[in-house]
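In what follows, every chain begins at residue 1, and chains take the letters A, B, ... in the order their sequences are listed. None of these values were measured; they are calculated from a predicted model.
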Amino acid sequence: MSYKKFESTDIILNTMRAAPLCEFIIEPGAGAIYYNNRPERTGKFVSNVLDVPNGFISLYELNIDRYNTSSAEHAAGVPMNPLIYSFIEKDSSRYSFKTVMTGSESDWDVEGAGTKLYAAYPFSASITREFMTGTTTQQYKAEGSPATSLLANGAGQRIKCTKTGSSETAVLEMWPCSASHPHYYGLRQRLDYYKWRSPHYGITGSSTGSGGTPAWIKDQQKINLISIPSIFYGSRIKPGTVSCKMYYTGSLIGELVDNKRNGELIQVSSAWGATVTSGTNNVAGVVLYDEGFLVLTGSWNLTDDNVFLVRGSTGGSPVNPQWIYFGAGAQDGINYTTVTIDASTGDAPSNITFKLSFRGETETSVLTMFAHAKRGETNFSNNPTFIKHGQSLLRNTSSHVYEENTARTIKNTVSSSFTNQSASFKRQVYISRIGIYDEARNLIGIASLANPILKTDDDEYTFKLRVDL
Amino acid sequence: MPRTYETLNLASDLTTTRTLLHESIPITGNIVSGTYGVYGSERNIKNYAHGQFQSVYDYPYLSSSANHIFDLTMGYDETSVMSSSTSIQNAKKINMYNEFSQVLLGYTGSANTIEIFESDLNFGDNNRQMKEVFFVNFSRLLVKDQIKKGSFSISLSTGSWASGTPGAINATTASITLADVSASETGGTNNKGNAGEYGVLWRSNAPASGAYGLVFYQAGIAVITASIFSSSIVGLQQDFNKTPGGVKQSLSASLTGSSISGNCDAFRHRLQNLSFNNSTEINSTIYFCRVPHNKFNYSTNPTYTSASQIRVKAKASDTPVSYLTTIGLYNAENELLATAKLSEPLKKDPTTELTLRVRLDY
């Protein structure tokens with residue numbers, strides 16, 4: 001078989017950039033997130049065929065409408081439809097599953113070599129909201145000194161560590177140690193770094209007037225952190241596409257957009273209710289495009305009505321909807337569906353709906369190759385049926401000679417225009433596949449045509465092959 | 001931008017490993033028949049105008065969530081007793097057999113005759129030939145790189161058709177299980193075919209224990225002889241098939257008198273359980289990045305210095321200290337190719353020497 005070499009002009013490597021749209025609708029009153037308006041699909045075995053809650057992506061979508069029947073259920077007539085799962089055998093390569101090991105046979109440290117380590121599907125992802133706030137202004141003191149206040153009672157609050165004397169109640173010293181909200185501290189440097197993009201990223205806002213207090217100190221602010229896994233957006237969130245909308249009883253009461261494309265989330269819509277400061281053109285937070293976070297600090301009222309959007313351990317608290325409550329119910333560990341409502345002080349969370357939309361950016365390297373079948377070339381096939389059937393392969397063979405039959409004829413595949421008449425022989429082939437070989441002539445890819453292409457000696461074709469890398 | 005680079009010694013600082021990741025794939029009869037519609041018109045079964053095979057999905061195929069799990073077809077060799085000009089789709093059944101045989105086994109003899117499937121590891125000896133077979137062609141989504149040897153198992157119902165519900169088979173009657181019990185990573189397979197290795201599907205339980213099919217591991221195709229449903233093996237089968245119109249057909253009547261899709265329907269309704277483990281190769285290169293005691297004790301991070309003085313040094317005689325957070329892998333032109341992040345910074349000073357193991361999977 002002969003090989004055709006790709007010339008430099010036959011290979012093009014470029015990048016395809018796409019901007020997939022992501023929309024999340026969050027209903028705290030229903031405890032639901034909806035992703036791209038996808039409905040819940042009911043199966044024959046399970047109520048949700050993807051086996052992940054609404055608003056989640058199932059990574060491989062392998063377990064569709066499957067249910068892991070217990071032996072008791074099976075005995076009671078529930079059909080078996082077990083789940084697909086993955087496993088790996090412990091060996092010296094030190095491979096393991098990072099966070100999804102299940103069962104007693106999964107402990108890397110305990111199990112011996114050759115033991116199967118299991119992981120359960122599905123792997124899922126969705127947006128997460130984290131409301132970061134301190135409780136009170138904390139008091140600290142050095143040994144022998146009176147207690148002093150530290151104002152870091154917002155997202156930057158740190159747990160109080162104490163040093164006691166001989167008596168447990170005699171506190172000698174108190175100081176701030178580990179962070180109450182480690183995710184904030186993880187992003188703190190990154191936020192400060194992006195000050196070149198907008199001053200609103202800064203941990204500390206510029207001071208007002210000579211010797212004035214800073215406009216803000218993020219450590220002391222309540223922060224609403226929305227985390228978006230990269231599976232939703234790809235390389236980064238596309239600047240200028242982020243929109244946060246808050247609805248109260250079905251009416252839009254505020255919208256944030258990053259229309260300056262500098263990360264600032266600016267309120268653009270008019271507020272609902274005449275007695276409320278509108279907040280239009282205020283910056284309510286920033287977007288970390290590359291990292292996939294929304295950091296919301298806007299704490300002005302969007303309506304003069306109260307809604308139970310804060311929940312304690314025993315009940316709820318009515319608050320005016322603000323941007324720091326945006327996304328309440330999105331995997332924030334709070335169940336708003338069972339909050340106790342006092343209608344005289346506020347409305348149920350079901351009156352509020354949030355909508356978050358943005359576009360991602362994905363980059364796919366695309367290799368395009370042009371394979372040429374020139375005139376007078378590529379006119380032979382190694383397919384056994386290319387030769388007329390019934391001819392002997394060998395002309396002469398013995399212990400000294402092996403000679404193939406050179407007189408074998410090619411089967412005439414030319415179609416005749418007339419019945420009972422054979423067309424004149426013409427050299428032609430049907431091209432059905434194109435093989436791609438590396439420099440060592442290893443077959444590394446095959447491009448198959450939807451339909452074989454008839455090529456006669458006079459024809460010349462160029463096939464365009466495209467591979468997404 | 002680094003100021004110094006530590007050159008990797010390709011002989012001692014580099015090694016490669018290969019690990020196999022497996023998935024357990026159970027396919028029950030509930031998935032392939034009877035769940036998403038009535039017998040003959042199930043919504044997870046796609047039949048084509050060409051009639052050469054049918055595709056089986058794990059959910060109604062019009063849903064974007066549906067996964068294609070396998071294609072099913074059947075065929076017979078032209079020398080089979082089933083081959084006749086009066087048989088339904090005779091040419092297509094022969095073509096399907098020849099197509100799979102060409103791809104999986106190849107040709108033989110001076111006249112380039114197509115090989116015939118045999119239920120043994122030597123397809124050249126013309127013993128145990130399987131001239132009428134069903135082909136189960138699994139999706140690459142399930143097979144991944146290959147089927148794990150010794151893990152394939154298929155159970156088929158051999159009961160008669162129930163008289164009531166369309167598509168139902170009497171549950172009280174026996175089934176047969178075929179498995180590649182003799183195959184393993186170290187033997188029990190043949191790799192002389194055109195499509196990689198294959199193993200034999202054995203029926204271990206009496207009566208009529210023996211080999212009744214093949215499984216091609218890399219191609220992800222199971223070949224099962226139709227004779228598994230014959231009376232000589234399972235002891236009944238006057239009604240291998242029951243058409244959607246309610247007509248019962250014996251095995252030979254079905255193979256000759258029903259279309260490929262009709263025979264596939266009958267096969268699907270007799271499929272009770274099918275399971276195998278797949279394998280995915282994870283190739284890794286491991287770089288041992290050595291950090292000598294007298295290097296990498298300084299950082300070019302802008303915060304490392306304050307007012308032209310190293311923050312971590314109070315006076316000039318203090319030993320320098322740095323914290324390693326990232327390892328960059330560069331090519332010969334000092335172009336950054338990849339970075340490896342540590343889960344937490346590692347303290348480094350002139351009294352310590354480190355070797356960091358960087359694994360690159362692909």
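Side-chain contact between B/S64 and A/R41: present, with at least one pair of heavy atoms (C-beta onward) separated by less than 4.5 Å. Annotation: side chain of B/Y57 is not in contact with side chain of A/I64 (no heavy-atom distance under 4.5 Å). Using a 4.5 Å heavy-atom cutoff, the side chains of A/N81 and B/I31 are in contact. No side-chain heavy atom of A/Y85 sits under 4.5 Å from any side-chain heavy atom of B/E23. Residues A/F87 and B/L21 have side chains not in contact (no heavy-atom distance under 4.5 Å, counting atoms from C-beta outward).
Within a 6.0 Å radius of NE2 in A/H389, no more than 12 heavy atoms belonging to other residues, nucleotides or ligands are found. For B/H68, the NE2 atom is densely surrounded, since the number of other residues' heavy atoms within 6.0 Å is greater than 12. By the neighbour-count criterion of 12 heavy atoms within 6.0 Å, atom CD of A/Q189 is sparsely surrounded, having that number or fewer from other residues, nucleotides or ligands. More than 12 heavy atoms of other residues, nucleotides or ligands shown are found within 6.0 angstrom of CD on A/E403. In the displayed structure, A/R441 atom CZ is contacted under 6.0 Å by at most 12 heavy atoms of other residues, nucleotides or ligands.
In this structure, OG on B/S279 lies 11.0 Å from CD1 on A/I88, to the nearest 0.5 angstrom. For the atom pair OH of B/Y59 and CG of A/L50, the computed distance is 8.5 Å after rounding to the nearest 0.5 Å. Here the CG-OG distance, from A/N63 to B/S65, works out to 12.5 Å after rounding to the nearest 0.5 Å. Rounding to the nearest 0.5 Å gives a distance of 8.0 Å between NE2 of B/H22 and NZ of A/K116. Remark: A/F45 CZ to B/T28 OG1 distance equals 6.0 Å, nearest 0.5 Å.
Formation of a donor-acceptor pair under 3.5 Å by the B/N67 side chain with backbone atoms of A/E61 is found in this model. The backbone N or O of B/P26 lies less than 3.5 Å from a partner atom in the side chain of A/R66, making a donor-acceptor pair.
The most heavy-atom pairs under 4.5 Å with chain A, out of B/T17, B/T35, B/L20, come from B/T35.
Only the side chain of B/N277 comes within contact range of chain A, with at least one heavy atom under 4.5 Å from a heavy atom of that chain. Proximity to chain A (any heavy atom under 4.5 Å) is restricted, for B/S63, to the side chain, taken from C-beta onward.
Taking each heavy atom of A/L62 and B/D58 in turn, the nearest pair found is O-OD2, 3.9 Å.
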**OP:** Show your working on side-chain contact (heavy atoms from CB on, under 4.5 Å) between A/Y60 and B/L141 and close with a plain yes or no.
**Re:** CA-CA 10 Å; A/Y60 300 131; B/L141 175 77; over 6 Å; no
